[in-house]
2 protein chains.
Amino acid sequence: MQRARVKSPRQNLADRLYQQIKELIFNFQLLPGEYFSEAEIAQRFQASRTPVREALYRLQQEQYVEVHFRSGWQVKPFDFKVFEELYDLRILLECSAIERLCSLPSLPDSLQALTQIWCLSQDERRADLSLCEEDREFHHQLLAAAGNGEMTRIHTEISERIHIIRRLDFTQPERIQATYDEHAAILSAIQQADSEQAKFLLQTHIRQSRDEVRKITLHRLQEAQRQQASSMSI
Amino acid sequence: MQRARVKSPRQNLADRLYQQIKELIFNFQLLPGEYFSEAEIAQRFQASRTPVREALYRLQQEQYVEVHFRSGWQVKPFDFKVFEELYDLRILLECSAIERLCSLPSLPDSLQALTQIWCLSQDERRADLSLCEEDREFHHQLLAAAGNGEMTRIHTEISERIHIIRRLDFTQPERIQATYDEHAAILSAIQQADSEQAKFLLQTHIRQSRDEVRKITLHRLQEAQRQQASSMSI
DNA sequence: GTATTCCATCTTGTATACAAGACAAAGCAA
DNA sequence: TTGCTTTGTCTTGTATACAAGATGGAATAC
C-alpha cells in the first residue's frame, strides 16, 4: 500500500527558470520572433541545459515559444488574430460565469470582497500599474466564484497570454478610470442578478480593452523594442 | 538575418513516448491513482529517462499524471467532478461555435461533408467502435468550422481528456443509434440557421452522453481494472 | 509488543557527455 | 560573378552520471 507523498515542497530550478524566461519574454528582453538557444539561457541563468529545456518545453506548450529541430528556439511572433481569438474566448468564459453567478441564490463572499476594491469614489481610486494585476484578479474571481475549476484554469492560462499586450494598455489614466467604472457596474448588475445586463457590460468592457490594445500595440511594441535595443547597446 | 528553419521534420522519441504512455493510461495498463517511476517507463520502452521525463512533464501539464518530489509519478485519480466540468466546458464551446455558424451567410464545406457521414438511413449506419473517433471528429469540425483556432485547440484538449471515459460508453448499440439521430438533427438545425434549436439539441446530446457515462463508468472501470489485473497475473 | 532511530534503497532533480543533423561561411569551379 | 560543394561550428536530441532527499524496513531501546 502506498503512503501519501509530498507534492513538490519547494520550487524547482526548472520552475524558477520557467518564470524567469517568461519574464524575459514579457519584458521584451526576448523579442517576438527572436531566435535563441538553450545554451544562451543556461549561461545567462548559470544553470545546465536540463532544467532550461524543461522550462522551455513548458513554455512551448503554453504557446510562448517554439522549438525548431536542431536549429534553436524562437519566441512566437505576435499574431493579432490569436489575441482576438483569446479575447473572444475570455468573453465566452466570463459570460458563462456571470450567468452561473446570477442564478445563485446569494453571492459568494469572494465577490462581495471585490466591491470594496472597485466600487470607490474618484479620490479613493489608485492609478498605478499594480491595478493591472487587480484587474486580472477581478476577472479571475468571476470565474473562480462560478465554481468550474477547469474553466477557471483555462481562463487563467489565456489571461496570462493576453497579459503581455494588455499591460501596455494599462498606463493610460482614462482607461484606468473606465476600468473602475465598468467593474463597478458589472458587479452591481451581478448583485441584482441581472444576467443580461451584466453580460452586456462585460462584453463591452472586454471588447473595449481589446480594441484599445489593438490600436496602441504596434506603437508600444516598437517602443519596447527600441528600449530593448538601446539598453543592449550600452 | 535569420533564415526559415525546419519545424520538427520527424517525430521525436519523446513525442512517441508521450503517445505511448498516454495509451498506457487510456488502456488502463496504468490505472488511475497508480504510482510508477521514470525508470520503469524507460525500461519498458527501452529508452533513457530524458525523453521519458519530457513526455511525462507534457502529460502532467495536460492533467493526466502528477509528479511527487523525489517519490515517483502518479496517474491522476479519476475525479468525476472534473469530468462534469469538462463536459460543461465542451457544451459552452460547442454552443458558441453553433451560434457563430448559424450567423454565417453559408455553411463551410467541411460541415456539408459531415452530412454524408451522419445523415444516413438505418441500414447504412455502422456500429463499430471506430464511430467513437467519428464522433470526436464531428464535434471537432463544429469548432474548426467556427474559425476560432484557440477555442478549437482547447476543445481538442478537453475532448481528449474526456475520451478516456467516453469510450466506455460507445459500446452500447442504442447509444450509437441515438448518436446518429442527434448528430443528424443538430446538422439539420444548423443548416436551417436555427441557432436556438441547434444549441438545445447539442446540449441535450452532450448532457445525455455525460449522464450515460456517469452511470456506467464505475462499473466499466472496475471491469477494466479486473481485466488489467488478470492479464498481469498470467 | 511498541515506538523510535537508523540505514539501505529508490526516486526525482540536475549536470554533463556524446550523437545526429542544420546552418553558414569558405573554397572552388565554371 | 554565380552556383555548387565542402567543412567546421552550432543546436537540439538522447544517454548517462551524480546529488539530494523521500521511503520503508530492520534494528534497537524500552
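To find a chain, count down the sequence lines: A is the first, B the second, and so on, and within it residues start at 1.
- In this structure, B:H68 places its NE2 atom 12 Å from C1' of C:dT11, rounding to the nearest Å.
- Across the protein-nucleic acid pair, B:F69 atom CZ and D:dA20 atom P stand 11 Å apart, rounded to whole Å.
- Taking each heavy atom of A:H155 and A:H139 in turn, the nearest pair found is CE1-O, 3.6 Å.
- Not one side-chain nitrogen or oxygen of B:S71 sits closer than 4.0 Å to the OP1 or OP2 atom of D:dA22.
- As judged by a 4.0 angstrom heavy-atom cut-off over every strand, B:S37 is placed among residues touching the sugar-phosphate backbone only.
- One atom, CZ of B:R58, and another, P of D:dG13, lie 13 Å apart when rounded to the nearest Å.
- Listed pair B:R49 / D:dA15 fails the phosphate criterion, with no side-chain N or O lying under 4.0 Å from OP1 or OP2.
- In this structure, CZ on B:F80 lies 10.0 Å from CZ on B:R214, to the nearest 0.5 angstrom.
- If you check the side chains of A:Q208 and A:E212, you find no donor sitting under 3.5 Å from an acceptor.
- Among the nucleotides C:dT14, D:dA15, C:dA22, the one closest to the side chain of A:N12 is C:dT14.
- What separates CD of A:Q46 from P of C:dT16 is a distance of 11 Å, to the nearest Å.
- Residue A:R70 places its side chain closer to D:dG13 than to any other of D:dG13, D:dT16, C:dT12.
- Note: B:W73 and B:Y57 meet the aromatic proximity criterion, with ring centroids under 6.0 Å apart.
- In this structure, A:Q43 places its CD atom 15 Å from C1' of D:dT11, rounding to the nearest Å.
- Atom pair A:E40:CD and D:dT9:P shows a separation of 18 Å (rounding to whole Å applied).
- Following rounding to the nearest Å, A:Y35 (OH) and D:dT12 (C1') show an atom-to-atom distance of 14 Å.
- Set against D:dT14, C:dT14, D:dG13, the side chain of A:E38 has D:dG13 as its closest nucleotide.
- Atoms CD (A:E54) and C1' (C:dT14) sit 10 Å apart, rounded to a whole Å.
- Checked by atom type, the side-chain pair A:E23/A:Y18 shows no donor-acceptor distance below 3.5 Å.
- The shortest distance between the side-chain N/O atoms of A:T50 and the OP1/OP2 oxygens of C:dA15 is not below 4.0 Å.
- A close approach under 4.0 Å does occur between a side-chain nitrogen or oxygen of B:W73 and OP1 or OP2 of C:dT12.
- For B:A47, the side-chain atoms get nearest to D:dA15 when compared with the rest of D:dA22, C:dG13, D:dA15.
- For B:R53, whose side chain is taken as the heavy atoms from C-beta onward, the closest listed nucleotide among C:dT12, C:dA15, C:dT11 is C:dT12.
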